[in-house]
Amino acid sequence: MDALRHTFEQRLAAALPGVDITLERPKSGELGDLAFPCFRAGKQLGKNPVQLSQELAASIAIEGAQLVAAGPYLNLKLTAETRAKAVLGAILEAAPERPYGFRPANGKKVIVEYSSPNIAKLFTIGHLRSTMIGHALAQTHQALGYDVIRLNHLGDWGTQFGTLLAAYTRWAQDGNADLERDFDWAEPAPDKRRTPLFRLFQLYVRFHAEEENDPAMRDEARGWFKRLEAGDAEARRLWSWFREISLKEFQRIYDRLGVSFDTLAQGEAFYEDRLVPTMQRLEDAGLLVEGDKGARIINLEDVGISTPCLVQKGDGTSIYATRDLAAALYRKEAYGFDRCLYVVGTDQVLHFQQIFAVLDKLDPWFKGRMLHTPFGMVKLPEGKMSTRKGNVIFLEDVLDEARERVAAIIDEKNPELADKAEVAEMLGMGAVVFFDAMNDRVKPITFTWDRVIALDGDTGPYVQYAHARIMSVLRKAGGDWAAKAQPGACVGPVVPFEPAALPADLVGLEAPEAQALLFELAGLPGAMTAVVEGCMATPLARQLVAVARSFSGYYTNCPILAPENTPTVRDARLALCVATARALRQGLFLMGIQAPEEM
RNA sequence: GGUCCCGUAGCUCAGCGGAUAGAGCGACCGCCUCCUAAGCGGUAGGUCGUGGGUUCAAUUCCCGCCGGGACCA
């Protein structure tokens, strides 16, 4: 396909010297495979675009393709066979280490900072957004040849530890020091949540509830955080223990989600001893100004940000802006990146504008390298979720509920299925994770169970279903067909398949449904590029749906194993199945979703 | 009060300078003697919030206004 594109571009350039040639992808495969809109060229040459397109169609010839003038567009339409050969070849003959749509190393380094949960809090449905968007971005960048560093800026420092330390010493230390039992003042935790982390969370929630009526408690919490920052041994010991408890739980969730990081050791606390040098650098650069109550701030009015960046509070304690600055400076030294993505919610847009502006002032090197990828908050129909108030939807509850709903459907539709539990987990996850990617907009999401765990229509399970059906056909085809859609062990973003030879003859794929499927498969590399350019998984998710949808059309209209098919037709159609299965499996994997063999 | 984001079909959302504005859900009508009906086909449903401007071309870019949200104070 790339070769054909190149030829088309060259022919156009030869016919239109001095005109910039930008090709588009037509809206549908019926129009063609590549389109050249003649508006701009027409203007440059003083010609009517409709006429220009007709002239070009008549004067340019490309083997295996037809040039069609459609109004002001010049469309390159491949013959059924060329299209099949180009697309199937690109997928089936790809080297195992560089699947379809992947690119060779480009020497660029990208840091993706994502997930970043706070210690002592449980994952809510909100955390899924950062975690899975970040995961998909990391995977796709890697697929396109970037060197990716996956960082988790754990919230393991900050004033919330003051709260936690105060709450723990107040209510837990004597009676329940090891957090092994439920508290007698709290609702007993459901079985699956009877963990030390959940009890820490309960302490946190209780402290905030009682603090409302007792402002003195706020000072108590602040006092503990000061002790922690000052290196107080007891505060440190508890902090480190809380952290350990939390990390153990987090790891379990990450394992379930199939997400991993280069390190979990570079959370906020990691930068603690870099705060003083960072403040010094700001001071040396003459950026620090005295704010209200002895706070230290940096004015950003000259760069169009009216709110100054607060880097140290009046009481001398640090704030997360300082830690983000220290982190960025450290990352420059340690990694020397080309791009640093922060997958953090829209509520932090001002914060990152400020951080990036301060970095620009401090060191021009940062200019253009820092990028905030904001995503909308998850809200409940009754309003904002609040961990403090305890009205939250926990991520694990959503995943469990999704799994149960899927299991019920399996019992109804395919009770004989082996590995029921495993498949239910795959599909449940597929539903929840895919939903999130389909809605990757800056707009907030209102959580309702039926929306987030939808299983019909444009959903993860729909794409997974297409894959399962293909595998079923391939199994029935016998021979080594099923094996051709069976990958080796995944490495990074790569789902490795052994190269498979194209059938010698590709007749049997002339039907519009087969051609439409080929067209959508051809759109996947572009979708991957769009993920990296737009920093969102949405284009990939939508292209996968388009592939799955056109596969359904192909499946219903082009019988693959029908006895009346000649072996040639059968083989060509099976080859398209294998290619589709490979593409779907790889695409889903980039998003962190597994493709089942059967469902 | 200031800054930023969002207003597209009954609902949830794509599209974000160009070819007849697309999906899913919901509604209605069809399709399992045939490779998994978690599916497929069809019908109904839109002055792309609103008023200007830029352009050969605006749902898409710019400005005002009206609604909704976020952040800062």
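In what follows, chains are A, B, ... by sequence order, proteins preceding strands, each numbered from 1.
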Would you indicate what [X] reaches in the nucleic acid, counting non-hydrogen atoms under 4.0 angstrom: base, sugar-phosphate, or nothing?
{"X": "Pro26(A)", "result": "base"}
{"X": "Lys379(A)", "result": "sugar-phosphate"}
{"X": "Val349(A)", "result": "nothing"}
{"X": "Ile305(A)", "result": "nothing"}
{"X": "Ala35(A)", "result": "base"}

Could you give the [atom1]-to-[atom2] distance, from [X] to [N], as a whole number of Å?
{"X": "Leu74(A)", "N": "rG18(B)", "atom1": "CG", "atom2": "P", "answer": "19 Å"}
{"X": "Asp458(A)", "N": "rC11(B)", "atom1": "CG", "atom2": "P", "answer": "19 Å"}
{"X": "Met438(A)", "N": "rC25(B)", "atom1": "CE", "atom2": "C1'", "answer": "12 Å"}
{"X": "Leu350(A)", "N": "rA70(B)", "atom1": "CG", "atom2": "P", "answer": "15 Å"}
{"X": "Ile453(A)", "N": "rU12(B)", "atom1": "CD1", "atom2": "P", "answer": "19 Å"}
{"X": "Leu310(A)", "N": "rA73(B)", "atom1": "CG", "atom2": "P", "answer": "8 Å"}
{"X": "Phe375(A)", "N": "rA70(B)", "atom1": "CZ", "atom2": "C1'", "answer": "13 Å"}
{"X": "Glu412(A)", "N": "rA37(B)", "atom1": "CD", "atom2": "P", "answer": "14 Å"}

[atom1] gap between [N] and [M], integer Å:
{"N": "rU54(B)", "M": "rC61(B)", "atom1": "C1'", "result": "8 Å"}
{"N": "rU36(B)", "M": "rG68(B)", "atom1": "C1'", "result": "44 Å"}
{"N": "rC56(B)", "M": "rU47(B)", "atom1": "C1'", "result": "24 Å"}
{"N": "rA58(B)", "M": "rA70(B)", "atom1": "C1'", "result": "28 Å"}
{"N": "rG49(B)", "M": "rG18(B)", "atom1": "P", "result": "16 Å"}
{"N": "rC25(B)", "M": "rG69(B)", "atom1": "P", "result": "30 Å"}
{"N": "rA9(B)", "M": "rG46(B)", "atom1": "P", "result": "10 Å"}
{"N": "rC32(B)", "M": "rA37(B)", "atom1": "C1'", "result": "7 Å"}

Go through residues 523-540 of chain A and report each residue with a non-hydrogen atom lying under 4.0 Å from RNA chain B, sorted by number.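 Heavy-atom contacts with RNA chain B come from no residue of residues 523-540 of chain A; none.
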
Where along residues 584-594 of chain A does a heavy atom fall under 4.0 Å from RNA chain B?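 By residue number: none to list.
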
Does the side chain of [Y] come within less than 4.5 Å of [X]'s, by heavy atoms?
{"X": "Val432(A)", "Y": "Asp436(A)", "answer": "no"}
{"X": "Phe375(A)", "Y": "Met536(A)", "answer": "no"}
{"X": "Leu56(A)", "Y": "Leu16(A)", "answer": "yes"}
{"X": "Asp419(A)", "Y": "Glu598(A)", "answer": "no"}
{"X": "Phe123(A)", "Y": "Thr131(A)", "answer": "yes"}

Please tell me which of the listed nucleotides, [options], lies nearest to the side chain of [X]?
{"X": "Ala70(A)", "options": "rA23(B), rC13(B), rA19(B)", "result": "rA19(B)"}
{"X": "Ser552(A)", "options": "rG39(B), rA38(B), rG69(B)", "result": "rG39(B)"}
{"X": "Phe39(A)", "options": "rG18(B), rA19(B), rG7(B)", "result": "rG18(B)"}

Within 6.0 angstrom of Asp302(A) CG, more than 12 heavy atoms from elsewhere: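 Buried by this count: over 12 neighbours within 6.0 Å.
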
Looking at [atom1] of [X] and [atom2] of [Y], how far apart are the two atoms once the value is rounded to the nearest 0.5 Å?
{"X": "Met279(A)", "Y": "Leu287(A)", "atom1": "CE", "atom2": "CG", "answer": "10.5 Å"}
{"X": "Leu544(A)", "Y": "Met438(A)", "atom1": "CG", "atom2": "CE", "answer": "9.5 Å"}
{"X": "Ile393(A)", "Y": "Phe447(A)", "atom1": "CD1", "atom2": "CZ", "answer": "4.5 Å"}
{"X": "Gln594(A)", "Y": "Leu588(A)", "atom1": "CD", "atom2": "CG", "answer": "9.0 Å"}
{"X": "Asn48(A)", "Y": "Phe39(A)", "atom1": "CG", "atom2": "CZ", "answer": "10.5 Å"}

Check whether any side-chain nitrogen or oxygen of [X] sits under 4.0 Å from OP1 or OP2 of [N], and answer yes or no.
{"X": "Lys43(A)", "N": "rC56(B)", "result": "yes"}
{"X": "Arg40(A)", "N": "rG18(B)", "result": "no"}
{"X": "Lys384(A)", "N": "rC71(B)", "result": "yes"}

Dot-bracket summary - RNA chain B, pairs being Watson-Crick or G-U whose distances fall under 3.5 Å, with | when paired to another strand: (((((((..((((....[...)))).(((((.......))))).....(((((..]....)))))))))))).

Between Asp292(A) and Val545(A), name the one whose nearest nucleotide on RNA chain B is closer to the 5' end.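 Nearest-nucleotide comparison on RNA chain B picks Val545(A).
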
Considering only distance and modelled atom types, tabulate donor-acceptor pairs under 3.5 Å from the side chains of residues 474-486 of chain A, sequence neighbours left out.
residue: Arg475(A); atom: NH2; partner: Glu597(A); partner atom: O; Å: 2.4
residue: Gln486(A); atom: NE2; partner: Glu597(A); partner atom: OE1; Å: 3.3
residue: Gln486(A); atom: NE2; partner: Glu597(A); partner atom: OE2; Å: 3.1

Does Arg469(A) make a cation-pi contact with Tyr555(A) (under 6.0 Å, within 45 degrees of the axis)?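 Yes, a cation-pi geometry holds between Arg469(A) and Tyr555(A).
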
Is it true that Glu510(A) and Gln515(A) share a donor-acceptor pair across their side chains at a distance under 3.5 Å?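 No, because no side-chain N or O of Gln515(A) sits under 3.5 Å from a partner of the opposite role on Glu510(A).
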
Syn or anti for rC29(B) (syn when the glycosidic angle lies within 90° of 0):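 Anti, since the glycosidic angle lies more than 90° from 0.
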
Is there a donor-acceptor pair under 3.5 Å between the side chain of Gln464(A) and the backbone N or O of Pro596(A)?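 The answer is no, because no donor-acceptor pair under 3.5 Å joins these two groups.
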
Can you give the donor-acceptor pairs under 3.5 Å from side chains of residues 340-353 of chain A to other protein atoms, not counting sequence neighbours?
residue: Gln348(A); atom: OE1; partner: Tyr320(A); partner atom: OH; Å: 3.3
residue: His351(A); atom: NE2; partner: Asp324(A); partner atom: OD2; Å: 3.3

Dump every N/O contact between nucleotides 31-36 of chain B and the protein below 3.5 Å, one line per pair.
residue: rC35(B); atom: O3'; partner: Lys476(A); partner atom: NZ; Å: 2.9
residue: rC35(B); atom: O2; partner: Leu561(A); partner atom: N; Å: 3.1
residue: rC35(B); atom: N3; partner: Ile560(A); partner atom: N; Å: 3.0
residue: rC35(B); atom: N4; partner: Tyr555(A); partner atom: O; Å: 2.2
residue: rC35(B); atom: N4; partner: Cys558(A); partner atom: O; Å: 3.4
residue: rU36(B); atom: OP1; partner: Ser472(A); partner atom: OG; Å: 2.6
residue: rU36(B); atom: OP2; partner: Ser472(A); partner atom: OG; Å: 3.4
residue: rU36(B); atom: OP2; partner: Lys476(A); partner atom: NZ; Å: 2.8
residue: rU36(B); atom: O5'; partner: Tyr555(A); partner atom: OH; Å: 3.4
residue: rU36(B); atom: O2'; partner: Tyr465(A); partner atom: OH; Å: 2.5
residue: rU36(B); atom: N3; partner: Met599(A); partner atom: O; Å: 2.8
residue: rU36(B); atom: O4; partner: Met599(A); partner atom: N; Å: 2.8

Measure from the ring centre of Tyr462(A) to the centre of the six-membered ring in the base of rA38(B), then say whether that distance is under 5.5 Å and the planes meet at under 30°.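 According to the criterion (under 5.5 Å, under 30°), no, Tyr462(A) does not stack.
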
Residues Asp315(A), Arg222(A): salt bridge by 4.0 Å N-O rule: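 Salt bridge between Asp315(A) and Arg222(A), a charged N being under 4.0 Å from a carboxylate O: no.
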
